[in-house]
Number of protein chains: 2
Amino acid sequence: MQDLPVTFNDIQSAAEQIAGVAHRTPVMTSRTINEMAGAEVFFKCENFQRIGAFKFRGAYNALSRLSDEDKDKGVLTFSSGNHAQAVALSANLLGIHAAIVMPRNAPPVKLAATRGYGAEVIEFDPSEDSREALARQLAEERGLAVVPPFNHPHVIAGQGTAAKELIDEVGELDIITTPCGGGGLLSGTSISAKALSPGCEIIGVEPELGDDGLQAFQSGKLVKIDVPDTIADGARTNSLGELTLQIVRANVSRMITMPDEALIRTMRLVWERMKIVVEPTACLPIAALLEAGREGRIDAKGKRVGVIVSGGNVDLTKTGTWFSSS
Amino acid sequence: MQDLPVTFNDIQSAAEQIAGVAHRTPVMTSRTINEMAGAEVFFKCENFQRIGAFKFRGAYNALSRLSDEDKDKGVLTFSSGNHAQAVALSANLLGIHAAIVMPRNAPPVKLAATRGYGAEVIEFDPSEDSREALARQLAEERGLAVVPPFNHPHVIAGQGTAAKELIDEVGELDIITTPCGGGGLLSGTSISAKALSPGCEIIGVEPELGDDGLQAFQSGKLVKIDVPDTIADGARTNSLGELTLQIVRANVSRMITMPDEALIRTMRLVWERMKIVVEPTACLPIAALLEAGREGRIDAKGKRVGVIVSGGNVDLTKTGTWFSSS
């Protein structure tokens, strides 16, 4: 096995670091979905995680491991989504100042929620400025530690604790499916699965219009695509990172893409049958299981399947559009 | 204490009867709602019950206690909602034929779901026929046992098992709030609460436009009102029954009403913050806690409060209307 930048030891250490702070989220099952998939499916429900998504795991692990000096100076990150709130809450709990660079056109509720955790929000114009460049410039000027959304060993290790908890609880799996945006969750999941359930097939799922991960997985090189137009807002990253690419290439069995219509059908099914609110990104691996299964792209029949349900942060005012047309 | 038609012994017996068939649903908590209510709130999540609502408890308890002769003949009920599916599924599990009288204009998904459990659906025209009269006539002609939606000792005892599980799990409560339609759930809840948590204040919550329960509670006489125009479809019954009135009068501390706008606000809050799908009727007791609390109609400050979250069966195509205007 090649040396990877994150090991299962790092994930075990992250699990200790976040214990008692992050929720140990429930594993749910559904008769209906088992019947539809012809499989035994275990949903690791990170929609019940703090801030409503797995991102809290990685952010808290990373922030809590900063040196005292870095903690005193504060942290900075760039995100318009769940990572922003994860850093803001983690910083709040740890007594660290957090500056979050967010696009001016981010949903007002997200800007407000991030400020609500006590973080300083720095707005920028996404049509003029590059988010990452701006963030790095600010970090240098102020001497802040940057906590990126996925391409960081402590972030990846934190995200891997979800799959660790899942397999610790239900035992070995034949398949594990996970959403893929920047690849932090997929990387962490793959490391836990390799360690705790050798032989488990690890499948990453992307939006059809944002298949940079699939392209990079096949070519071995980072592929950058324009911000994909998909309702799976957690997977609107435009490429993997150096670290996540290396781990995904080494561990992942297959990358699959799903169209938005499949995400809407799946979201409706999960809300109606399982009575849980899951966000479009979290529906990527569920849709893959149900629909790519029918198309023969996944063979889950008779198998034990784990699904990382990444989050449940949804703008409910959009549900009218989603569910009237489906 | 006066002799009531259902005792806590009946509820204990019902708990044994449904064990391993009904789900022991989870109790959830929410930091956000605790802070809003200034109380420690325990949600008994019957939205995760089989068929998506508490109704399965009462229906299964009642059907499983029929004589062999009655089981052979089959059962009949009248309902357009969760009770119909509860009877259909219970009958299916017990190998009993079920005939369900449903209005022709019931939502097609509900007609289909009820048929999906193998029940015979008998449609009627609600503008011409009286549902109960039709059902009783059919039952007589065919010799079927009638399992009414709430006014039956075994149904009431079954519904009481939810509050029993809640208090068994979290300990004594200062207040328990429960939706009230026909009063089956409220009656059962009140009997468990009186037995397991003496001194617990028991509050029933109705839609503002369907306050027949409040009127009957105050007057001691059954009050019939036209089918109330409310989104809380589980509370669209037009009166309590003889049995539920007697129990509610004896045990319940207070009846409160809530307007539909409060139910929509509460539904949105619960979906967004707790990530669970709850139906409008289930929001009655949560809204009462949050909004009647602010108005001083409930004093929950610093108290331990149980809430029976009755169900999660929602027509998602309506969410656009609900959540765009709220």
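Keep in mind it's a predicted model, so treat the numbers as computed, not measured. Note on naming: letters A, B, ... go to the chains in the order of the sequence lines (proteins, then strands), and numbering restarts at 1 for each one.
- Side-chain atoms of A/Thr25 and A/Glu46 form a donor-acceptor pair, as typed in the model, at a separation below 3.5 Å.
- Side chain of B/Lys275 to main chain of A/Gly312: a donor-acceptor pair is present (N/O by atom type, distance under 3.5 Å, no hydrogens or angles).
- A donor atom on one side chain and an acceptor atom on the other are not found under 3.5 Å apart for B/Ser30 and B/Arg273.
- The candidate with the highest count of non-hydrogen atom pairs below 4.5 Å against chain B, out of A/Ile276, A/Val277, A/Thr317, is A/Val277.
- Interface residue A/Met28: only side-chain heavy atoms are found under 4.5 Å from chain B.
- No other option in A/Lys318, A/Glu272, A/Met274, A/Arg50 has as many heavy-atom pairs under 4.5 Å with chain B as A/Arg50.
- Residues in residues 17-38 of chain B take part in no salt bridge (charged side-chain N to carboxylate O under 4.0 Å, His left out) pair, two or more places apart or across chains.
- Comparing B/Asn313, B/Asp315, B/Val278 by how many heavy-atom pairs each has under 4.5 Å with chain A, the most go to B/Asn313.
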